[in-house]
Amino acid sequence: MTLSLPPQTSHPSNLQPEGWLRYLSFSLDHKVIGLQYLVTAFFFYLVGGALAGMIRVELLSPISDFMPRETYNEVLTLHGTVMIFLWIVPVVNGGFGNYLIPFYVGARDMAFPRLNAVAFWLIPPAGFLLIASYFIAGAAQSGWTAYPPLSLTTPAAGQVVWILSVLLLGGSSIFGGINFIATVLKMRRPGLGMMQLPMYCWAMLGTSILVVLATPVLAGTLVLLSFDIIAHTGFFNPALGGNAVVYQHLFWFYSHPAVYIMVLPAFGLVSEILPVHARKPLFGYTTMVYSILGIVFLGLIVWAHHMFTSATPPWMRLFFTIATAFIAVPTGIKFFNWLATLWGGKIALNSAMLFSCAFIVHFVFGGITGVALAQVPFDIHVHDTYFVVGHFHYIVYGGTVFVVFGSIYHWFPKFTGRMLNEPLGRLHFLLTFIGFNLCFAPQHWLGLNGMPRRVAEYDPQFTLLNQLSSVGALLMAISTLPFLVNVVWSALAGQVAGDNPWNALTPEWLTSSPPPVENWKGPAPLVTHPYGYGVPEGQIDLKAVSGLEIWSEGR
Amino acid sequence: MPIPSAIVTLVLGMILVLSGLWVGQNVNLLPAAASTNAPLYDELFAVLFTIGTILFLGIVGLLIFSLVRFRRRDGDLGDGVAVEGNLQLEIFWTAIPAIVVLFVGIYSYDIYDRMGGMIPLADPHAMHGSMGSAVMPASVEELVTQDVEPRLWGGIGSPGGTEAGLLPVEVTALQFAFLFHYPEGDFTSGELHVKAGQTVELRMEARDVIHAFWVPQFRLKQDVIPGQPTVLTFTPTLPGQYPIICAELCGPYHGGMRSTVVVHEPEAFDSWLASNRPATLALTAPLATG
Ligand code: HEM
Ligand SMILES: [Cu+2]
Ligand SMILES: [Cu+2]
């Protein structure tokens, strides 16, 4: 690792507000925007969580008794939309991406700072529009997938607002994607090669390619859908000669890549966290890069696995089965590489590490059920049941959300200059881990045995497991309390972290905490070995070993 | 003397495989198997469950072992060993998932084929040819005689059981019910009644929005999409009553859109059919249909 940090240059003049007001302004600073994304997304996470809580309360009993049936469908539509478009996508892309990518490429800011600020400021109005629709005209009722003809026949106002809101969020996502691609490809500090970048850059590059290729398709589709609703065109309306299945193809052409938009950045974040806390280089850098690219490519050609029961012809079912199952290969490489990164390390079992390892467990589980779902004969039975609900929550919550929490424990010292409290962090982990598994593991059995998804009432034989699942959800809700207390308290009075509490090598740690506006005083460091941890094989680390070990080595 | 690690690994691997096999064979997570599809499905499920258990336990075991064995001891500020990769290892664990996935894919294709998934029934134009009519004689005649020639969209077919003849039932899915019309008796029922061992051909149509016909005990699901008449065939085997569940969000009462399929013993079915056939209509029906 080479770095040069000459002391103190003059502070550049700037017209931006100072202090905490920055966070409410149209700031162009990527770090401010990153934190704006994080906090906003977390707010929507709490909203989406409250909606999930309402769903789980309704499902405590097998009859529809907690809220009107229409409201239930509004709630489940809002829950899915909020969690995907306002929490997961913004937090792992906009949040951590904006904060970290300029550091990693050795830049002072993103390639297009203004576009970046615009991308962020599209989110709050879109989010409030979506939620306001519930209070004004009634929210959309057709699920986050908005399949026509249902979305054409449910009340139009809510559906149109939903479309508008998702279009704004999609636009925000595309702006962000363009910005990340440009930053990673064009803003690299001279001397920094692509294969020397921290893995998160590759993950964001792959994600952004998916965003830029797939999101416009969703936008176009939703515009057509809104024509069908407002102008009574017949693109997707069978009654007017349209075709409802075409919508599904177009929708999933975006929405399968979208699941990778939600999880690839998490893969990148884990790749940053594990080496630091295991004190070992990231294992198999090159294969990791190629597997990301492989996932991006395969992710674009598997969408119809969501449509195996939509009267798809046999050849199409076969093709999409094979393509989907093969995603397990690049994905598997990444998991084995992470395990090899841990192997032989000196692993600190702190909150960041615990959340990351739980991610591995959950994702492996969700990946296994995913490969099963890819098999047409298997999927025919469990499609649109709670089995699928279990599958994707293991991936999206057990995977991505766990990584988000791990990342907050990891980077909080950089964001604020203070450490998060470790015992509270472990309590948070324990509650989330137990609550999550209690909530979602039983759902697989429910799906296999006859409980469809998106229902407010169900066969009474499923009551017990649903109540168990609701208890898990309650635990998950409770688990956010120690987290929130921890964040607020630590930000104000936590232990001072110093510049580099983890002894990490990536460039965001080679500056003060929190970093100055220009990221580094003086020239940006050139980090060519972001994972250069560890002692060479066979050499004894004198700082670490005890006398006994030296003795036994020497024998 | 310490046991060589190669032996330990071998033994652990064998225990892992055996426990996966045991779980796959002995843990039953599925409801009753009541159609010819179901045993095939359960066979596939057992295989996937076995492989999944082995992989999951293996990976989680490895993870937990690493976390315990390589945890940082108090006061140890050193680093681990600087291994940056190992090409052979990486090729090895690219190959493992590839082989597993390939095996699973071929196997599930075989299951799919045995379920009748590869029978071409999507295109009525193909059915005019000899190949199509060889496969589904009864339905072709029905189709060709209709004025509007609907494009057919198939679910998984279910060959076999044809010696008892095909029982055609016209299914209409609408918010929020399934209606079953028996052309043989010219009456409509809110429940589906079928005969054990006789292949049923559901000709399904949706009136308003997309619904899905699902019978968990048959391991069978098919979306019913407006504008796309769909044919689904299956052969029930085990007499009993099973739920029919709508599996596609179709509006506020989606959760209540359920019905029952009754699989009768052959004689019981015939008497059920006779008791439902409207007496007068039964006489006039041949005249009406010409
Ligand atoms: C090994 C990798 C994976 C495979 C093979 C796989 C396979 C599948 C399949 C076949 C379905 C359709 C099930 C059905 O509706 O019948 C599905 C649904 C889903 N998967 Fe995955 N999956 C994988 C990983 C992921 C990842 C990484 C994510 C997200 C980060 C994800 C999120 C979802 C979601 C959200 C759905 C449900 C969408 C809906 O119907 O609302 N999956 N997956
Ligand atoms: Cu998908
Ligand atoms: Cu329904």
Side-chain angles (χ1 to χ4, degrees), chain A residues 69-70 73 143 147 149-150 153 238 244 279-281 283-284 287 309-311 313-314 322 325-326 328-329 332-333 336 339 342-349 357 360-361 364-365 368 372 375-378 380-381 383-384 445 448-450 452 454-457 533-537 541 543-544, chain B residues 29-31 41 44 48 52 55-56 59-60 62-63 66-67 70-72 76-85 90 93-94 97-98 101 104-105 108 111-112 115 117-118 122 153 156 209-210 212 216 219-223 225-228 230 243 245 247-250 252-256:
Chain A
R69 291 181 166 82
E70 284 82 1
N73 286 359
Y147 277 11
L150 183 64
T153 55
R279 310 308 304 167
K280 270 193 65 198
F283 194 92
T287 41
T309 65
S310 309
I322 294 163
F326 261 94
V329 176
I333 295 175
F336 287 120
L339 289 178
L342 295 176
W343 188 267
K346 302 226 165 146
I347 304 168
L349 292 175
C357 291
I360 295 182
V361 174
V364 167
F365 190 80
I368 290 171
Q375 314 304 320
V376 182
F378 183 92
I380 296 274
H381 174 45
H383 169 67
D384 260 330
W445 188 89
L448 284 170
N449 284 276
R454 295 171 166 170
V455 291
E457 54 214 300
Y533 305 101
V535 289
E537 250 167 308
D541 183 2
K543 276 182 298 183
Chain B
L29 300 177
L30 292 162
Y41 183 94
L44 173 66
L48 292 175
L55 284 177
F56 185 70
I59 291 175
V60 172
L62 209 61
L63 178 69
S66 311
L67 290 185
F70 302 113
R71 72 184 183 282
R72 192 183 299 173
D76 183 350
L77 297 176
D79 279 5
V81 279
V83 225
E84 305 219 329
E90 288 165 54
W93 60 52
T94 309
V101 159
V104 167
S108 86
I111 295 278
Y112 185 55
M115 284 182 178
M118 294 309 288
W153 306 79
I156 274 186
V209 299
I210 305 177
R219 316 280 191 270
L220 210 59
K221 183 181 294 107
Q222 178 60 48
D223 287 8
I225 302 169
Q228 298 191 354
T230 302
I245 301 164
E248 181 71 51
L249 178 64
C250 57
Y253 288 83
H254 165 54

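Below, read A as the first sequence line, B as the second, and so on, with proteins coming before strands; counting in each chain starts at 1.
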(message) To the closest 0.5 Å, what do you measure between CG (L62(B)) and CD1 (I360(A))?
(response) 10.0 Å
(message) To the nearest 0.5 Å, what is the distance between CH2 on W93(B) and CG on L339(A)?
(response) 7.5 Å
(message) Quick check: do L249(B) and Y147(A) have side-chain heavy atoms less than 4.5 Å from each other?
(response) no
(request) Let me know if Y41(B) has heavy atoms under 4.5 Å from chain A in its side chain, its backbone, both or neither. (result) side chain
(message) Less than 4.5 Å to any heavy atom of chain A: does that hold for the side chain of P243(B), its backbone, both, or neither?
(response) neither
(request) Specify the closest pair of heavy atoms between C357(A) and L63(B), including all atoms of both residues, with the distance to one decimal. (result) O-CD2, 3.6 Å
(request) Flag the pair H254(B) / V455(A) as yes when at least one side-chain heavy-atom distance between them is below 4.5 Å, and no otherwise. (result) yes
(request) Would you mind checking which part of L349(A) comes under 4.5 Å of any heavy atom in chain B, side chain (CB onward), backbone (N, CA, C, O), both or neither? (result) side chain
(request) With a 4.5 Å cut-off on heavy-atom pairs, point out which of V60(B), I245(B), V101(B) contacts chain A the most. (result) V101(B)
(request) Check P216(B) against G450(A) and note the closest heavy-atom contact, atom names and distance. (result) CG-CA, 3.7 Å
(message) Given T309(A), which partner from the list D223(B), T230(B), I225(B) fulfils the side-chain contact (heavy atoms from CB on, under 4.5 Å) test?
(response) D223(B)
(request) Heavy-atom distances under 4.5 Å only: say whether E90(B) touches chain A with side chain, backbone, both or neither. (result) side chain
(request) Find out whether V364(A) and L55(B) are in side-chain contact, i.e. whether some heavy atom of one side chain is under 4.5 Å from a heavy atom of the other. (result) no
(message) Quick check: do V209(B) and T153(A) have side-chain heavy atoms less than 4.5 Å from each other?
(response) yes
(request) Mind listing the closest non-hydrogen atom pair of F378(A) and L44(B) along with its distance? (result) N-CD2, 3.9 Å
(message) With a 4.5 angstrom heavy-atom cut-off, is it the side chain or the backbone of F336(A) that approaches chain B, or both, or neither?
(response) both
(message) Heavy-atom pairs under 4.5 Å with chain A - which of P226(B), G105(B), S66(B), G52(B) has more of them than the others?
(response) P226(B)
(request) Please state whether the side chain, the backbone, both or neither of L67(B) comes within less than 4.5 Å of a heavy atom of chain A. (result) both
(message) I'd like to know if the side chain of R279(A) reaches the main chain of G80(B), judged simply by a donor and an acceptor atom lying under 3.5 Å from each other, with no hydrogens or angles considered.
(response) no
(request) Select one option (side chain, backbone, both, neither) describing which atoms of N449(A) are under 4.5 Å from chain B's heavy atoms. (result) both
(request) Return the minimal non-hydrogen interatomic distance between V376(A) and Y112(B), and the atom names on each side. (result) CG1-CE1, 3.7 Å
(message) I need the minimum non-hydrogen distance between H381(A) and R219(B), along with the two atoms involved.
(response) ND1-CA, 3.7 Å
(request) For the residue pair L150(A) and I210(B), establish whether any side-chain heavy-atom pair is separated by less than 4.5 Å. (result) no
(message) Between K346(A) and R72(B) (side chain of the first, backbone of the second, donor and acceptor by atom type, cut-off under 3.5 Å), is there such a pair?
(response) no
(message) Can you give me the closest heavy-atom contact between L48(B) and A372(A), atom names plus distance?
(response) CD1-CB, 3.9 Å
(message) Out of P238(A), P452(A), A456(A), P281(A), return the one with the most heavy atom pairs under 4.5 angstrom to chain B.
(response) P281(A)
(message) Can you tell me how far apart CZ (F365(A)) and CZ (F56(B)) are? Round to the nearest 0.5 Å.
(response) 6.0 Å
(request) Measure A244(A) against the heavy atoms of chain B and call it side chain, backbone, both or neither at under 4.5 Å. (result) side chain
